[in-house]
Amino acid sequence: MKVVNLKQAILQAWKERWSDYQWAINIKKNFPKGATWDYLNLAEALMEQAMIGPSPNPLILSYLKYAISSQFDDFSRELCVKSLLEIMDMFCHRLSCHGKAEECIGLCRALLGVVVWLLTGCACYCERLRELGPSASTEANLRACLERLRELVNSQKNRALVHIARLEDQASWTNVEQALIKVTEGLNSLTNQTLRGKLEECISLVKSIPTILSEQSDPPHHSLFPSVHAFIMLEGTMNLTGETQPLVEQLMMIKRMQRIPAPLFVLEIWKACFTGLIESPEGTEELKWTAFTFLKIPQVLLRLKKYPQGEKDFMDDVNIAFEYLLKLTPLLDKADQRCNCDCLSMLLQECNKLSLLSDSNTTNLTSKRAENREYAPRLKTAENANIQPNPGLILRAEPTVTNILKTVDADHSKSPEGLLGVLGHMLSGKSLDLLLAAAAATGKLKSFARKFIKLNEFPKHISGEGSKSASVRALLFDISFLMLCHVVQTYGSEVILSDPSPSGETPFFETWLQTCMPEEGKTLNPDHPCFRPESGKVESLVALLNNSSEMKLVQMKWHEICLSTPAAILEVLNAWENGVLSVEAVQKITDNIKGKVCSMAICAVAWLVAHVRMLGLDEREKPQTMIRQLMTPLYGENTLQFYNERVVIMSSILENMCADVFQQTGLALRPPMEGQEPIPYRNLLSAKEPIHEALRKQFRSVLWKGWVDSGALHLFESLLHTGGVFWFTNNLVKELLKETRQEWANRVVELLYSIFCLDTQQITLTLLGHILPNLLTDSAHWHSLADPPGKALAKLSVWCALSSFSTHHKGQASARQRKRQREDIEDYSSLFPLDDTQPSKLMRLLSSNEDEPVVLSSPGDRSMSTSLSASQLHTVNMRDPLNRVLANLFLLISSILGSKTAGPHTQFVQSFMEECVECLEQGSRGSILQFMPFTMVSELVKLPALAKPRVVLGITDLTLPLGRRVAAKAISAL
């Protein structure tokens with residue numbers, strides 16, 4: 001038979017893309033039996049055809065490889081093996097493929113086959129050395145196989161191609177694993193140490209192939225991480241009631257994105273806790289921080305311990321972090337001075353109880369701190385004696401919370417008096433705030449509130465009662481109402497409203513809270529029907545308040561009284577303003593209201609606050625006088641039990657309710673008392689300073705300090721509420737783009753990331769859906785995207801996108817973010833319409849700059865269109881605003897890469913993609929990169945910084961066959 005026919009057969013096989021085994025079957029079928037392949041010059045013909053183009057043809061080489069592997073698994077035929085290795089030498093150093101994706105996958109499979117063949121050869125020669133002893137020729141053959149294997153797997157490109165083949169065909173990878181076991185067993189028979197070292201190196205390289213994506217660059221060299229510090233400050237100041245797991249996951253996200261070493265990560269958490277303890281305002285805020293530091297953070301570390309730490313032990317990391325913390329003596333001394341105790345040793349004990357520290361390390365660290373404290377400045381001992389340290393009180397309050405929950409749960413219908421003693425004890429001093437802080441830090445506050453709502457419902461049921469049981473019933477209602485109001489003002493209404501009552505009927509307090517209680521950012525209508533009950537009930541209440549010398553208790557329905565109080569107050573106010581009632585008569589009525597049951601005063605003031613908001617400044621005098629009268633305690637003898645304790649809580653609740661209204665008129669709510677602190681974090685914005693200036697000044701101050709304090713966070717939140725999400729995000733991004741020094745730009749990114757945690761979801765939608773598209777599509781803005789601020793903005797965008805995407809899809813918006821009213825940034829469905837056959841507004845904007853319009857395919861069209869991405873193949877919900885914004889951002893990036901204009905905006909895109917790869921988790925199918933069109937990969941590898949095999953593997957979804965084909969094609973062409 002003539003060689004030309006063989007060439008024709010090879011060409012036909014190439015045109016029809018025969019697989020290697022199809023080729024073998026057809027060649028055997030069509031060629032004469034008995035003819036030897038050598039006689040037909042098969043190898044030469046295949047080699048000649050394979051080497052025609054600029055690079056070897058992988059499909060034709062796979063036929064040769066198939067013939068070789070089917071005939072030369074016998075490594076005893078040394079000359080044959082040597083010839084094959086020489087053939088390999090011809091093309092191994094310049095493996096590439098510029099053909100179709102199928103051919104590139106063929107190259108991946110062929111490489112995997114070669115790795116198996118070479119490993120098998122190494123194993124055979126090792127076995128022979130073990131059986132027959134040292135032999136120069138066997139060692140030479142082993143060395144020859146090893147050199148080829150090393151050359152092959154030393155290249156990251158080749159390892160990436162083998163990785164794709166591994167995912168494409170798991171069975172073939174099993175052959176690699178079996179060959180590795182045999183080679184590892186044969187290692188011991190090698191007396192030649194040089195050979196042994198090279199073989200070990202090759203084994204580790206092959207073993208590293210499955211984890212090629214987790215190879216990360218070196219961790220940063222700095223030791224300060226403002227984003228961890230600021231995020232802990234944010235959680236401690238504003239989100240004590242938040243669940244622990246989302247907090248842990250967010251911290252892990254920061255740690256992973258910034259590649260922070262574990263000891264420095266834990267150190268940063270403790271530093272933030274101590275800073276919070278030192279600078280928190282006295283009173284409730286101080287107790288909140290104490291509970292956060294001593295109860296919640298040890299639990300957070302316990303959960304962090306469960307995450308894989310590599311080879312390191314988390315207990316060692318915690319110990320090293322405390323060793324570092326010990327060196328920050330001024331910080332620890334200041335905290336000890338503030339809390340009047342040895343804070344660190346108490347923390348060490350808590351960590352030891354949770355097995356975060358060993359006994360020996362705890363003892364060692366405690367003794368070192370004790371030595372340091374010898375020289376610490378102390379408070380005067382006389383003052384010390386009277387101050388009980390908050391950390392000790394908080395730690396004791398935690399088990400008390402559990403006991404109280406059990407007590408309240410018991411059946412008290414027979415003798416409710418026993419419960420009054422427990423409740424009275426809770427009201428004394430700062431007991432209530434201690435218990436609430438401990439409950440909030442340990443996730444029991446919702447349960448606590450639910451129990452007190454149930455208790456508040458209990459007095460509804462009246463049967464024939466005497467004066468004693470009537471006063472007990474009144475007190476149970478009043479104390480539970482006061483406690484619930486205090487919880488709402490201290491921790492937010494979502495503590496109660498986020499978990500609706502399980503029974504069908506909405507409890508009284510929930511109804512009152514939603515419709516009648518003034519809160520920050522909530523406007524009430526004083527003419528709402530909820531303030532207008534039946535006129536008969538109102539008239540009888542007005543008569544009762546006006547005629548009686550004091551409030552009666554027997555057979556009173558307190559829920560109805562509370563709902564009728566606002567209308568009664570309106571009647572009294574109208575009568576006073578029209579001259580029907582004198583000041584003395586009004587004083588008598590207000591005394592009656594607050595004299596026995598403080599809840600009535602709260603309901604009255606709640607309505608008065610709503611009413612005053614609607615009045616002009618000149619009309620406010622009388623309603624404000626009534627508020628002052630209701631706030632002043634009544635020190636008579638005929639008050640109910642625990643009156644003094646209840647009045648303290650009532651005054652605090654009323655002061656919080658009225659602060660904004662009184663500030664508007666510049667009047668004081670009551671004469672200032674010595675030593676009394678103003679309400680913390682209230683009225684932070686100056687009335688005369690523009691908010692833009694306030695934002696710029698506060699941000700510059702934070703940047704200069706290098707960390708965010710709790711006051712700054714509250715100011716930022718006020719500005720976010722006042723200016724709106726777009727204004728807030730846009731102005732802070734402008735501040736970032738002003739930074740022209742890399743070190744400062746990086747610091748801004750870390751600080752902004754944690755400030756954006758005030759409302760990650762909405763800020764991310766604004767940043768990715770509005771601000772970035774504006775900067776990238778308008779050439780007038782391109783200059784601002786030059787490095788270093790451009791690179792910094794890319795980093796910030798990726799961090800926000802990853803954080804939002806991970807928490808959003810677990811439904812973990814924090815309570816703080818849920819309570820904020822959603823403003824319409826813009827209807828995302830109109831900005832990015834659902835019907836993908838219609839180009840979105842964004843893409844129309846882009847296509848106006850191009851020679852031809854960009855046509856988007858519908859998700860139903862699965863061809864390799866310009867917009868087809870992994871998210872469509874995974875059928876991700878594109879009605880979701882975040883998914884839409886991400887998909888459109890990647891379409892925009894793809895369009896920029898495909899355009900003919902280069903500039904700072906293309907540099908930004910490169911930085912954005914590099915950061916995406918840097919922050920990747922190993923094998924994260926659900927990453928934001930699933931929204932990237934597949935066609936973008938070939939454009940990205942044209943950028944020198946992204947033309948790396950690991951980058952290509954990182955940006956393509958290798959769980960999809962199409963993703964593997966795209967990756968194989970891109971890497972083969974590198």
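Side chains are part of it too, since the values below use all heavy atoms of this structure and drop only hydrogens, waters and symmetry mates. Here the structure is a predicted model, which means the values were calculated and not measured. Residue numbers run from 1 in the order of the sequence given.
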Asker: Before accepting this row, confirm whether a basic side-chain N of the pair Glu915/Lys791 lies closer than 4.0 Å to the acidic partner's carboxylate O.
Answerer: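 Salt bridge absent between Glu915 and Lys791.
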Asker: Taking all non-hydrogen atoms of both residues into account, name the closest pair between Leu732 and Ile755 and its distance.
Answerer: CD1-CG2, 4.2 Å
Asker: What do the steps show when you test Glu739 against Asn746 for side chain to side chain contact (heavy atoms under 4.5 Å, CB included), and what is the final call?
Answerer: CA-CA 9 Å; Glu739 289 305 330; Asn746 288 340; over 6 Å; no
Asker: Counting distance only, does the side-chain N/O of His783 pair as donor-acceptor with the main-chain N or O of Ala780 below 3.5 Å?
Answerer: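 Side chain of His783 to backbone of Ala780, a donor-acceptor pair under 3.5 Å: yes, one is there.
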Asker: For Gln170, is the CD atom crowded, meaning more than 12 foreign heavy atoms sit under 6.0 Å from it?
Answerer: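 Enclosed: over 12 neighbouring heavy atoms sit under 6.0 Å from CD of Gln170.
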Asker: Check the pair Phe265, Leu251 against side chain to side chain contact (heavy atoms under 4.5 Å, CB included), reporting the backbone distance first and the verdict last.
Answerer: CA-CA 9 Å; Phe265 176 63; Leu251 279 169; 3.7 Å; yes
Asker: One thing to verify: whether Lys942 and Glu939 come together as a salt bridge, which I'm taking to mean a side-chain N less than 4.0 angstrom from a carboxylate O.
Answerer: yes
Asker: Please check if the side chain of Trp782 supplies one atom and the backbone of Leu776 the other of a donor-acceptor pair under 3.5 Å.
Answerer: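 Between the backbone of Leu776 and the side chain of Trp782 there is a qualifying donor-acceptor contact (under 3.5 Å).
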Asker: About how many Å separate OG of Ser227 and NZ of Lys255, when rounded to the nearest 0.5 Å?
Answerer: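 Atom-to-atom, Lys255:NZ and Ser227:OG are 13.0 Å apart.
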Asker: Nearest 0.5 angstrom please: Gln762 CD to Leu882 CG, how far?
Answerer: 10.5 Å
Asker: Could you tell me whether the side chain of Ser894 reaches within less than 4.5 Å of the side chain of Phe890, counting heavy atoms only?
Answerer: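 No - every pair of side-chain heavy atoms lies 4.5 Å or more apart.
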Asker: Are the side chains of Ser803 and Gln250 in contact, using a 4.5 Å heavy-atom criterion?
Answerer: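 Result yes, sub-4.5 Å side-chain heavy-atom pair found.
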Asker: Can you see which heavy atom on Pro210 is nearest to which on Trp173, and at what distance?
Answerer: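 In this case the closest contact between Pro210 and Trp173 is CG-CZ2, 3.7 Å.
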Asker: Quick one: CE on Met936 to CD1 on Ile896, what's the gap to the nearest 0.5 Å?
Answerer: 9.5 Å
Asker: Let me confirm one number: the CG-NZ distance from Leu953 to Lys948, rounded to the nearest 0.5 Å.
Answerer: 13.5 Å
Asker: Determine, step by step, whether Ile260 and Val228 satisfy the side chain to side chain contact (heavy atoms under 4.5 Å, CB included) criterion, reporting the C-alpha distance in whole Å, the side-chain angles of both residues, the deciding distance to 0.1 Å, and the verdict.
Answerer: CA-CA 10 Å; Ile260 306 174; Val228 180; 3.6 Å; yes
Asker: Between the main-chain N or O of Leu751 and the side-chain N or O of Ser754, is there a donor-acceptor pair closer than 3.5 Å?
Answerer: yes
Asker: Under 3.5 Å, is there a donor-acceptor pair between the side chain of Asn158 and the main chain of Leu152?
Answerer: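 Checked: pair present.
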Asker: Mind listing the closest non-hydrogen atom pair of Ser972 and Leu107 along with its distance?
Answerer: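 Closest pair (atom of Ser972, atom of Leu107, distance): OG-CD2, 3.9 Å.
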Asker: Walk me through it: do Leu958 and His163 pass the test side chain to side chain contact (heavy atoms under 4.5 Å, CB included)?
Answerer: CA-CA 10 Å; Leu958 299 175; His163 178 62; 3.8 Å; yes
Asker: How about Glu735 and Val748: do any of their side-chain heavy atoms sit closer than 4.5 Å?
Answerer: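 No - every pair of side-chain heavy atoms lies 4.5 Å or more apart.
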Asker: May I ask you to test the Asp957-Leu929 pair for a side-chain heavy-atom distance under 4.5 Å?
Answerer: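 In short, these two side chains do not touch, never coming nearer than 4.5 Å.
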Asker: I'd like to know whether CD of Gln742 has more than 12 heavy-atom contacts from other residues, nucleotides or ligands below 6.0 angstrom.
Answerer: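 Count not over threshold, so no.
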Asker: Return the OG1 to CZ distance between Thr174 and Arg166, rounded to the nearest 0.5 Å.
Answerer: 10.5 Å
Asker: Is there a side-chain contact between Met913 and Leu943 in this structure, where contact means two heavy atoms from C-beta onward sitting under 4.5 Å apart?
Answerer: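 No - every pair of side-chain heavy atoms lies 4.5 Å or more apart.
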Asker: Measure the NZ-CG distance between Lys734 and Leu775 for me, rounded to the nearest 0.5 Å.
Answerer: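 That separation rounds to 10.0 Å.
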Asker: Taking the side chain from Asp778 and the backbone from Asn774, do they hold a donor-acceptor pair closer than 3.5 Å?
Answerer: no
Asker: Which heavy atom of Phe908 sits nearest to which heavy atom of Leu785, and what is that distance?
Answerer: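 Minimum heavy-atom contact is CD1-CD2, 4.0 Å.
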Asker: Check for a donor-acceptor pair, side chain of Glu268 on one end and backbone N or O of Pro226 on the other, with a separation under 3.5 Å.
Answerer: no
Asker: Over all heavy atoms of both residues, which pair between Ala968 and Ile164 is shortest? Give the atoms and the distance, please.
Answerer: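 Closest approach of Ala968 to Ile164, heavy atoms only: N-CD1, 3.6 Å.
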Asker: Would you say Leu768 and Cys800 make side-chain contact, with heavy atoms under 4.5 Å?
Answerer: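 A side-chain contact under 4.5 Å is absent here.
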Asker: Quick one: do the Glu249 and Ser806 side chains pair a donor with an acceptor below 3.5 Å?
Answerer: no
Asker: Check the orientation of Phe726 and His770. Use parallel for under 30°, tilted for 30 to 60°, and perpendicular for over 60°.
Answerer: perpendicular
Asker: Are Leu752 and Leu736 packed together at the side-chain level, in the sense that at least one heavy-atom pair is separated by less than 4.5 angstrom?
Answerer: yes
Asker: Would one find more than 12 heavy atoms of other residues, nucleotides or ligands at under 6.0 Å from atom NZ of Lys738?
Answerer: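 It does: Lys738 NZ has more than 12 such atoms within range.
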Asker: Considering non-hydrogen atoms only, spot the tightest contact between Arg964 and Ile105 and give its length.
Answerer: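 For Arg964 versus Ile105, the nearest heavy atoms are O-CD1, 3.9 Å.
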Asker: Between Arg109 and Ala165 (side chain of the first, backbone of the second, donor and acceptor by atom type, cut-off under 3.5 Å), is there such a pair?
Answerer: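 The answer is no, because no donor-acceptor pair under 3.5 Å joins these two groups.
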Asker: Measure the shortest side-chain to side-chain distance between Thr764 and Phe805 over non-hydrogen atoms and say whether it is less than 4.5 angstrom.
Answerer: no
Asker: Is the side chain of Ser797 donor-acceptor paired with the backbone N or O of Leu793 at a distance under 3.5 Å, no angle test?
Answerer: yes
Asker: With a 4.0 Å cut-off, would you call Glu750 and Arg747 a salt bridge?
Answerer: no
